[in-house]
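We're numbering straight along the sequence, starting at 1. The analysis underlying the following values was restricted to heavy atoms, covering all of them including side chains, and did not include hydrogens, waters or symmetry mates.
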Amino acid sequence: MNNQFRKRLEEQEEELQAQRELETPEEPKVPKEDGAATAFFRKLFTEGVVSKESATGVLPYLIFLCVLGMIYIANSHMAVKNIRDIDRLNKEVKELSWEYKSLKADLMFKSKQTEVEAKVDTLGLKALVEPPKKIIVSNNEH
C-alpha cells in the first residue's frame, strides 16, 4: 500500500512540474563567463604560451627547487630527531642523578659508626671503650 501512495505522489509531482514548465517561457541560455583565473589558465595552456621549448628551459630551475625542497624536508627531519635524542638523554641524566643520590645516601647510612659496629661484630671486633693512647718517640731513641 505504501508503494501505491508513493506512486501517486510521484505522478502528482510530475504533473505539477509539467504545468510549471508550460507556464514559464524558456529564457535563452546565456553562457557563463569564466572567472579571470580560469580564463588565464585556459589561454595559457590552449593557445600555446607554454610550449615544449619554454618548459624544457625552465626544467633546471624546477629541479633546483625540488632539490631545495628535499633538503628542507631532510633538515626538518634531522632537527626533530635531534630534539628527541636530547629529550631522551635528559631523561637518562635525571635517572642517573637519582640513582647517584640514592646510592650516596645509602653509603652515608652504611658508613655510620653504629652500622659499622653491627657489621664487624660478627667478626669479633668490638668498639674501643677507652680512648686511644698516644705513643711518643723521642729523636734519640731510634
Side-chain angles (χ1 to χ4, degrees), residues 1-21 23-24 26-142:
M1 192 160 229
N2 287 337
N3 289 339
Q4 291 176 359
F5 181 69
R6 188 175 293 156
K7 287 180 185 177
R8 287 182 196 165
L9 285 176
E10 289 175 357
E11 290 173 0
Q12 289 175 357
E13 288 178 9
E14 290 175 2
E15 289 175 4
L16 287 173
Q17 287 179 356
Q19 287 176 359
R20 288 181 190 156
E21 289 176 3
E23 292 175 0
T24 56
E26 291 185 23
E27 297 177 8
K29 293 183 179 179
V30 179
K32 290 185 178 179
E33 292 186 22
D34 293 333
T38 308
F40 172 74
F41 285 115
R42 182 173 292 138
K43 181 179 178 184
L44 184 70
F45 292 114
T46 58
E47 294 182 6
V49 176
V50 177
S51 63
K52 291 181 182 179
E53 292 82 20
S54 62
T56 55
V58 179
L59 194 60
Y61 179 70
L62 288 176
I63 292 173
F64 175 71
L65 287 178
C66 290
V67 168
L68 281 180
M70 285 189 261
I71 290 172
Y72 178 76
I73 292 170
N75 187 28
S76 65
H77 283 290
M78 283 178 35
V80 168
K81 181 184 172 208
N82 285 339
I83 289 171
R84 287 182 182 159
D85 287 343
I86 288 170
D87 288 341
R88 182 182 49 81
L89 290 174
N90 279 338
K91 287 179 183 177
E92 188 176 339
V93 165
K94 284 181 183 179
E95 289 176 6
L96 290 174
S97 173
W98 294 335
E99 185 178 351
Y100 163 75
K101 289 176 184 176
S102 65
L103 288 175
K104 183 178 175 183
D106 191 34
L107 178 66
M108 293 298 286
F109 177 74
K110 288 182 179 179
S111 64
K112 285 184 183 177
Q113 184 177 356
T114 56
E115 290 296 318
V116 173
E117 284 177 6
K119 294 275 184 184
V120 297
D121 190 29
T122 59
L123 298 174
L125 298 176
K126 302 260 181 190
L128 289 177
V129 180
E130 54 190 50
K133 295 180 182 174
K134 190 173 188 182
I135 300 174
I136 301 174
V137 178
S138 60
N139 289 340
N140 55 4
E141 286 184 14
H142 57 298

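From Leu89, atom CG reaches atom NZ of Lys91 across 11.0 Å, with rounding to the nearest 0.5 Å. Remark: Lys104 NZ to Ser102 OG distance equals 12.0 Å, nearest 0.5 Å. Note that CD of Glu115 is 11.5 Å distant from CD of Gln113, once rounded to the nearest 0.5 Å. Between Ser76 atom OG and Ile71 atom CD1 the span is 12.0 Å, to the nearest 0.5 Å. Taken from CH2 in Trp98 to CG in Leu96, the straight-line distance is 10.5 Å, to the nearest 0.5 Å.
Minimum interatomic distance between Lys110 and Val116 (heavy atoms only, all atoms of both residues): O-CG2, 3.7 Å.
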Hey, mind stepping through Glu13 and Gln17 against side-chain hydrogen bond (donor to acceptor under 3.5 Å, both in side chains) and telling me if it holds?
-> CA-CA 6 Å; Glu13 288 178 9; Gln17 287 179 356; 5.6 Å; no

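Checked by atom type, the side-chain pair Gln19/Glu15 shows no donor-acceptor distance below 3.5 Å.
Side chains of Lys126 and Asp121 form a contact here, defined as non-hydrogen atoms less than 4.5 Å apart.
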